Amino acid sequence: MQAATLPTPAPTPSLVAPRAGEFDARILANDPVNAEYRLMTVAVPDGSANARPGQFFQILCPHSGALQPFFRRPMSIYRIEPEAGRLSFLYKVTGTGTRTMAELDPGASINLFGPLGNGFSLPKDGAPIALLGRGVGLATMAPLVSHAREAGHAVTAILSARTPELVMSKDEFLEAGARVMTVTDSEGTSAVENVENMLHALHGEGRLGALYVCGSNRLMLAAQRVSRRLGVFGEAALEQQMACGVGMCFCCVRPFRQGDEIVHRRVCSEGPVFPLLEALEW
Amino acid sequence: MQAATLPTPAPTPSLVAPRAGEFDARILANDPVNAEYRLMTVAVPDGSANARPGQFFQILCPHSGALQPFFRRPMSIYRIEPEAGRLSFLYKVTGTGTRTMAELDPGASINLFGPLGNGFSLPKDGAPIALLGRGVGLATMAPLVSHAREAGHAVTAILSARTPELVMSKDEFLEAGARVMTVTDSEGTSAVENVENMLHALHGEGRLGALYVCGSNRLMLAAQRVSRRLGVFGEAALEQQMACGVGMCFCCVRPFRQGDEIVHRRVCSEGPVFPLLEALEW
Amino acid sequence: MVDLSVDCGGIRLANPVMPASGTFASELAEIIALKRLGAFVTKTVTPGKRQGNPTPRVSEVPGGMLNSIGIPSKGVDAFVAETIPLYANFDVPLVVSISADTPDGFADICRRVSVPGVAAVEVNISCPNIEDDGRAFAMRPETTLAVMRKLRQATDLPLWAKLTPNTGEMPAVAEAAAAGGADALVVANTILAMSVDIRTRRASLGRVMGGLSGPAVKPIILRMAYQCVRAVDIPVIGCGGIMTAADALEYLIVGCRAVQVGTATFVHPGAMLTVIDGLEDYCRQNGIERIADLTGTLSAEAHDASLEWEAIA
Amino acid sequence: MVDLSVDCGGIRLANPVMPASGTFASELAEIIALKRLGAFVTKTVTPGKRQGNPTPRVSEVPGGMLNSIGIPSKGVDAFVAETIPLYANFDVPLVVSISADTPDGFADICRRVSVPGVAAVEVNISCPNIEDDGRAFAMRPETTLAVMRKLRQATDLPLWAKLTPNTGEMPAVAEAAAAGGADALVVANTILAMSVDIRTRRASLGRVMGGLSGPAVKPIILRMAYQCVRAVDIPVIGCGGIMTAADALEYLIVGCRAVQVGTATFVHPGAMLTVIDGLEDYCRQNGIERIADLTGTLSAEAHDASLEWEAIA
Ligand SMILES: Cc1cc2nc3c(=O)[nH]c(=O)nc-3n(C[C@H](O)[C@H](O)[C@H](O)COP(=O)(O)OP(=O)(O)OC[C@H]3O[C@@H](n4cnc5c(N)ncnc54)[C@H](O)[C@@H]3O)c2cc1C
Ligand SMILES: Cc1cc2nc3c(=O)[nH]c(=O)nc-3n(C[C@H](O)[C@H](O)[C@H](O)COP(=O)(O)OP(=O)(O)OC[C@H]3O[C@@H](n4cnc5c(N)ncnc54)[C@H](O)[C@@H]3O)c2cc1C
Ligand SMILES: Cc1cc2nc3c(=O)[nH]c(=O)nc-3n(C[C@H](O)[C@H](O)[C@H](O)COP(=O)(O)O)c2cc1C
Ligand SMILES: Cc1cc2nc3c(=O)[nH]c(=O)nc-3n(C[C@H](O)[C@H](O)[C@H](O)COP(=O)(O)O)c2cc1C
Ligand code: FES
Ligand code: FES
């Protein structure tokens, strides 16, 4: 496989990275988005809302009855409102931790630790970008839209889901100024071949200056193929179970290609956003 | 010391002992009584309110944040309202468990296990009785008042406390038909000599046919001296830390005099009410 | 209908759930339907009368409890005369737990409890052996083998050896117990532990150190049970921190034939029955016809992270 | 003003609170005021490069966590060149944790980390010794003594021996470590444990078994720390399940000179600082001028139940 020459990326420019901190945040809203997902908005102390797209928080879930959950839960920042001092998390109700999160009412408080990790980098040259996401991946990439728009990039988002009803945040993406395309399993449009074709078409239209992917291994592999073929810069936001969230425990490693070597990198502190072509299949 | 001849007691007659069970009860009220104590009233399923005076429940306290409390907390039944299907507990906010109990709001539910243990026995012959209690001991003896009144016994209650303000439940005792006398540390009336004199006086007036004590080691020793001197039947309700509450774990033992021997008895299943003269100093 | 019955160390159990010694007594009959249990296991009885330890005898700790009850006992004669008959009317196998402080004492009490009405003898060799400096028999393979050989000669009843988690040589001790004639292993007793009341600066137990049980110990005892399963061919009965059916399932999956529930009963008197119901549900939901088939089904497959994280998409 | 400083195993600490090896890294400097810690303890470094274990490497259990990180390491050369200098600007003693799989390998790496900037060497002898069938060095007194003697000859720096709680002979191992030349004991590493995902019937760790840490282990490790305090004259550093100042106080009261905080930092990044503040408050409230005076103040008085229950009246 030929190594593509990629434009060098710059870290997201406009936002000041706040120092990570642990604090109690007041819950402003915590409502269902669909059968599986909820959106929680919290009021945060000065400065903490200045997070970068792609960063995440470690959330201390309330304890349910007995002894669980023990670890914090990593959650990407879905919406960043620095002026209002607000952050939102879009989360899927999955297991012990998220179930207890779902039960919190506005007015209650929740302990957060963050913002953590490294955010997305935008291409230097104002090139148009494309986002490819599925499931929680949408949450991770959502704030990138307005951020990229403000920095002058055109944005196309391809949102993937099982069914059209489960496509989340389409309106949010539109409002933030993205062109949105949806693909779903039920309509038979989410197959990787189709997505690759769509990306090629975008490239043909001059709208694929950089490619960002999150939320699905299959989509990441597809994005890697496209990036490699077309020489397009890209980034992937990855997930892995976490304990410390800040690079101390080495539990969140994933394998990466680094030259000829395969190395482990910590998703929490060296990611969660990584160069697309270095990420290995999970 | 000479062994007194005592009238034989009969188990509390009117109430049917319900089978102990574990269930969730809805909280009807949970209000402060004074700076230290709270009164919790719960709605219980059919039959469970038919508890006997002196019996207790094992309360599963809500978990506070992390890992505590683990054990249930034993609490005497303070008020028994079988027709209304209600029970009340008068509890002192002390440590982990009672602190979490204090935070429960009406409408929440709490898991109870009981009624457990053996209640008080009334003398067969309708003799007048006297109650001697301090602190939580009052909670344990409160339901005995109306129970004894209904069975035709005159009741005198001597309530002991640190200060007059901390004398709890005086009105409840009065309403239930007891003659009430209070002694306090701050007024200098609670010294054991004084209490013994009061009991002797009651005996002189023909009002000490049987003697019940709970909530203080010093008072129990005083009651024993009086009982022994005057040959009056008596019972003491004891406390000890509990795990199982039903006689299986043997953690709640206290020493008792049985003939010439000193034996261990389980407060939960062989008590918490014991023959006054058999209980040894704690 | 799920078949919950299992053959376990010489007896057949209607289901794999029974109480742990010392956390069960006939008093429970007034509270739950005892006849639903796989077996009864009595509190350990000793040759003579014993008062037990000073109070406080229990203390709660995060996720569990400490106890230093100290095996109060009315002695084996009263036990045989009074306790064994209590269980005669239930159609549930009775397992009698015994202990003694010398190998010969152990053999003697074992002989004396081998009476009609008793289905198996559980030997609590986690207790101190005065001929080995007070070290528990099951701390070392040599002392385990020696006491088990004597016990084997003392009875024809099935013998279950209850091991201590305080040893550093669990697999070797398990092998020694099996070699000495055990028909099953109970893994395990409590873990020696302590806690301190920082207000009074006193140990929270009268005896300073005591045994830890409850959810806190489950991952440790589960590991030991798994090590024992791999070390011996006789059935292993898992015992430590089981509060729910999910906990019991972990033990069965790593290879246990049955489980014992202790501390949980103190918190939820009906815990054993809830565990039985939960096991049945799990089998039904997963198409398992006989619970015995679940034993030892721990998958050796590597984790396929791709599939796992994909599930969330 | 409370004097929080302690002399501990050859070095003086501004306060008795430090991180546990493997739960600390320079990254934490961005989050908390590292200069407030009593010491820094690095993640264990091995002679050569290592990748560590397959994922999942952690799993949560009631009251704690399992890990099988497996000591990924960049090797001692890179460690000396890159990691040690990171801590040069802090005025906090640096303790370097090392491990190797043979006694000679241990001595060699010990020599190589004995460089300026390092205040003490913590030897993680809870790791497998390939010359003893993969059993950890600190499982037995003999192997502990042998490796400590080699280590003692390899450095003039203070040597802290980190013991494993998986041994059944903690006091004997502690004595052996002291006899072999340890200046302090760290009690202890994680307890071998496992858990199973009942949906997939797979072990929740990629390596099946791993180390348990967090609140669940505290009563067990506290007991071991107490046993070690009674067995040796060198300082004992308590390490296991400390989440709060109250937990740290238990360790000090039973006789520890200092404590290490591990897992707690994952849940509350500021946990170590909260512990330090809480220790100071406790001393102030209890009229203790030097925290060193608290060490070993466990009361031997019997419980006076009368007083206790009276308190509620
Ligand atoms: C950097 C990052 C950002 C994330 N952002 C989001 C988001 O914005 N919205 C969202 O819904 N989810 C997000 N996830 C996934 C989210 O962390 C998990 O869904 C969540 O931890 C599940 O917790 P639980 O208690 O409900 O599930 P359980 O199954 O009870 O969790 C058990 C353990 O596994 C871990 N775990 C389970 N699933 C995942 C996963 N997919 N990734 C990492 N750890 C996992 C948990 O953290 C916990 O330690 C993110 C994950 C990472 C690593
Ligand atoms: C039969 C019986 C009836 C009781 N009735 C009442 C009552 O009606 N009202 C009331 O206020 N209190 C009563 N008590 C005492 C009550 O159980 C304790 O105050 C309560 O358990 C304290 O729990 P905590 O979590 O607040 O304290 P913590 O100090 O956190 O408790 C720690 C442990 O000690 C035990 N413990 C602490 N104090 C006592 C005590 N005095 N007796 C027994 N165990 C104790 C707890 O149950 C727990 O296991 C009764 C005790 C018994 C045995
Ligand atoms: C209060 C109490 C008393 C116990 N008594 C005994 C005993 O007499 N004999 C015995 O073999 N084990 C005894 N045990 C240990 C239990 O049988 C069991 O091995 C241990 O508690 C672990 O299981 P658990 O976590 O389910 O409680 C006792 C445990 C407790 C908590
Ligand atoms: C993720 C993780 C990694 C660890 N790595 C090491 C290590 O490299 N060397 C070591 O000696 N101990 C290591 N430990 C053990 C800790 O230092 C400590 O002994 C143990 O976690 C108990 O303390 P705790 O309950 O406060 O976490 C590790 C523990 C955890 C949780
Ligand atoms: S979660 Fe600890 S290193 Fe990433
Ligand atoms: S509390 Fe278990 S025997 Fe009384």
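Each chain gets a letter, A, B and so on, in the order its sequence line appears, and its residues count up from 1. Since this is a predicted model, take the numbers as computed values, not measurements.
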Would you confirm whether [X], through its side chain, and [Y], through its main-chain N or O, come within 3.5 Å as a donor-acceptor pair?
X       : Y       : value
T295(D) : G255(D) : no
N15(D)  : V17(D)  : yes
N53(C)  : S68(C)  : yes
D247(D) : T244(D) : yes

Could you tell me which portion of [X] (side chain, backbone, both or neither) has an atom closer than 4.5 angstrom to a non-hydrogen atom of chain C?
X       : value
T167(D) : backbone
Q227(D) : side chain
V217(D) : neither

Applying the side-chain contact (heavy atoms from CB on, under 4.5 Å) test to P165(C), which of I220(C), N189(C), V187(C), L212(C) qualifies?
N189(C)
With a 4.5 angstrom heavy-atom cut-off, could you sort out which part of [X] is near chain D: side chain, backbone, both or neither?
X       : answer
L298(C) : both
L252(C) : neither
I253(C) : side chain
Y251(C) : neither

Of the non-hydrogen atoms in R223(C) and I191(D), which two are nearest, and what is the gap between them?
NH2-CG2, 4.3 Å
Does the pair E250(C) and I198(D) meet the rule for a side-chain contact (heavy atoms from CB on, under 4.5 Å), with working shown?
CA-CA 6 Å; E250(C) 289 191 64; I198(D) 63 166; 3.9 Å; yes
Picking from E169(C), M194(C), M209(C), which has the most non-hydrogen pairs under 4.5 angstrom with chain D?
M194(C)
Taking every non-hydrogen pair under 4.5 Å, which of N166(D), T297(D), L192(D) racks up the most with chain C?
L192(D)
